Amino acid sequence: MLRGKQSWWFENKPVIIGAATVVGPDEGEGPLASEFDLVHPELDMQQKSWEKAERLLLEQASEFAIQNAKMDKSGINFYVGGDLMNQIISNSFAARSLGAPYLGVFGACSTSMESLAIASQLVDSGAATHVMAGTCSHNCTAEKQFRYPTEYGSQKPPTAQYTVTGAGAAIVASTGEGPVVECATIGKVVDLGITDPFNMGAAMAPAAVDTIQAHFNDTGRTPGDYDLIVTGDLAGVGHPIAKDLLMQNGVPMDHTEFNDCGLMVYDVEKQKVQAGGSGCGCSAVVTYGHLLKRIARGELKRVLVVATGALLSPLSFQQGESIPCIAHAVAIAAGKELSP
């Protein structure tokens with residue numbers, strides 16, 4: 001049901017009964033490598049194009065998620081997903097292989113939590129019993145579409161981020177064992193006029209702050225109600241900005257652990273990833289590959305994932321438009337007994 005102005009409260013507490021992640025070689029060299037279901041040793045993954053490799057990531061993550069949920073793909077009522085490619089082709093083609101009724105969504109890098117929120121809403125409302133949410137990105141497809149092909153060898157400024165090569169999928173069900181999705185806050189589009197596509201963290205930070213504050217206002221919760229709050233991919237530039245803005249606005253983020261998926265997926269000191277990770281796969285692989293496992297191990301009881309996205313396109317950038325941004329937040333808890 002609607003709580004406050006922009007949050008959904010899931011009375012029936014949908015359960016994530018299975019999830020999976022598949023990543024590329026750079027992610028396999030990062031600190032979370034052991035948490036992923038499959039690590040590809042090469043970026044091309046023996047495919048004829050980067051786009052085909054990205055699609056393969058999502059198809060494999062979907063297959064692993066179904067296996068981890070101990071079910072057959074025929075039991076999936078709906079698939080909700082999106083990516084960064086024009087016309088979200090990675091998800092559309094992967095959905096063709098999955099064969100489930102498909103809802104394509106686009107929230108740029110916030111798509112991981114947008115799709116999970118919609119999947120949870122479908123299950124909570126009784127419109128479905130099993131819904132898969134998924135997303136993906138590939139470093140070379142994103143560079144090719146939004147900036148310069150990797151082969152060009154263009155130099156990037158330190159504010160730039162490194163698109164994660166990875167895919168994550170989760171199956172949300174009405175019953176079963178696993179962490180529950182408690183609520184979701186759907187973000188508003190925020191645009192402070194930034195036009196530099198190599199400074200996405202600064203562009204997205206205000207959207208993350210807006211959604212986090214809306215979440216607390218709508219739900220009556222505080223940062224201390226969460227063991228961990230993570231933004232999606234603000235990385236080394238945007239995350240400190242968000243932290244400062246929240247503290248200036250009187251939000252006591254020091255009452256919880258506040259981190260960023262773009263800083264967690266890589267060792268930013270040792271790996272050549274500029275300011276840190278980004279891309280649709282960033283918050284997806286960290287959430288479905290790392291955070292859910294920490295919940296299962298009892299290390300976390302409740303987390304808030306605030307996935308962030310920059311809603312630009314190559315066309316809008318070329319026309320001199322600024323970069324509108326958005327963030328969607330989803331609260332995930334260890335069990336139904338935690339929910340107030």
Side-chain angles (χ1 to χ4, degrees), residues 84 106-114 137 139 142-143 145-148 154-164 185-215 223 229-251 253-254 257-269 271-284 286 304-329:
L84 294 173
F106 179 79
C109 303
S110 71
T111 301
S112 63
M113 292 303 105
E114 179 183 9
S137 58
N139 184 272
E143 291 299 314
Q145 177 167 297
F146 288 97
R147 287 171 282 273
Y148 297 99
S154 174
Q155 187 172 356
K156 300 177 179 64
T159 58
Q161 293 171 237
Y162 193 84
T163 303
V164 166
T185 299
I186 307 302
K188 299 176 182 177
V189 175
V190 177
D191 187 345
L192 294 190
I194 292 177
T195 58
D196 183 3
F198 290 106
N199 195 5
M200 307 299 284
M204 293 185 290
V209 170
D210 187 77
T211 297
I212 290 171
Q213 292 184 154
H215 177 78
I229 296 175
V230 293
T231 46
D233 49 356
L234 300 182
V237 175
H239 189 255
I241 294 174
K243 187 175 183 178
D244 288 345
L245 288 173
L246 287 164
M247 294 300 287
Q248 289 175 19
N249 295 344
V251 182
M253 297 303 290
D254 55 337
E257 181 184 352
F258 187 36
N259 209 331
D260 182 80
C261 296
L263 297 174
M264 298 167 68
V265 69
Y266 298 123
D267 185 333
V268 295
E269 298 297 327
Q271 294 181 274
K272 296 179 180 180
V273 293
Q274 290 87 41
S278 67
C280 282
C282 184
S283 55
V286 173
L304 183 68
V305 183
V306 189
T308 47
L311 305 177
L312 82 164
S313 75
L315 180 63
S316 67
F317 168 70
Q318 291 165 6
Q319 293 181 347
E321 284 282 354
S322 57
I323 304 173
C325 299
I326 198 164
H328 301 298

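Remember, it's a predicted structure, so these values are computed and weren't measured experimentally. Basis for what follows: all heavy atoms, side chains included, without hydrogens, waters or symmetry-related copies.
Q161 places a side-chain N or O within donor-acceptor distance of the main-chain N or O of D233, the cut-off being under 3.5 Å. Proximity of a side-chain donor or acceptor of S316 to a complementary backbone N or O of L312 within less than 3.5 Å is not detected. Side-chain atoms of S137 come within 3.5 Å of backbone atoms of G281 as a donor-acceptor pair (strictly under, hydrogens ignored).
Residues satisfying the side-chain hydrogen bond (donor to acceptor under 3.5 Å, both in side chains) criterion with H215, sequence neighbours excluded, are T185, Y226.
Here the closest heavy-atom approach between residue S322 and residue T195 is recorded as CA-CG2, 3.8 Å. Closest heavy-atom contact between P223 and V251: CG-CG1, 3.9 Å. Between N199 and T159 the shortest heavy-atom distance is OD1-CB, 3.9 Å. Summarising the geometry of V265 relative to C282, their closest heavy-atom pair is CG1-SG, 4.5 Å, with the distance given to 0.1 Å. Taking each heavy atom of A275 and V237 in turn, the nearest pair found is CB-CG2, 4.2 Å. When all heavy atoms of Q145 and P314 are compared, the pair lying nearest together is O-CG, 3.2 Å.
Counting heavy atoms from C-beta on, the side chains of I326 and L311 come closer than 4.5 Å. Looking at V164 and Y266, their side chains come closer than 4.5 Å, going by heavy atoms from C-beta outward. Residues M253 and I229 are in side-chain contact: their nearest non-hydrogen atoms beyond the backbone lie under 4.5 Å apart. Looking at heavy atoms from C-beta onward, V306 lies out of side-chain contact with H328 at the 4.5 angstrom threshold. Residues M200 and S278 form no side-chain contact, since every pair of their non-hydrogen atoms from C-beta on lies 4.5 Å or further apart. Contact annotation: the side chain of L263 approaches that of V268 to within less than 4.5 Å [non-hydrogen atoms, C-beta and beyond].
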Show the atom names and distances, to 0.1 Å, of all donor-acceptor pairs under 3.5 Å that link a side chain in residues 201-211 to residues at least two apart or in another chain.
unit_1 : atom_1 : unit_2 : atom_2 : d
T211   : OG1    : A207   : O      : 3.3
T211   : OG1    : A327   : O      : 2.8

Under 3.5 Å, sequence neighbours excluded: what are the donor-acceptor pairs made by side chains of residues 238-250?
unit_1 : atom_1 : unit_2 : atom_2 : d
H239   : NE2    : N259   : O      : 3.2
N249   : ND2    : Q213   : OE1    : 2.8
N249   : ND2    : L245   : O      : 3.3

Item to complete: Check the pair V230, F258 against side-chain contact (heavy atoms from CB on, under 4.5 Å), reporting the backbone distance first and the verdict last.
Response: CA-CA 6 Å; V230 293; F258 187 36; over 6 Å; no
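When only modelled atom types and interatomic distance are considered, S110 and T308 share no side-chain donor-acceptor pair under 3.5 Å.
Note that CG of L234 and CG of D260 are 5.0 Å apart. Values are rounded to the nearest 0.5 Å. Between S283 atom OG and M264 atom CE the span is 11.0 Å, to the nearest 0.5 Å.
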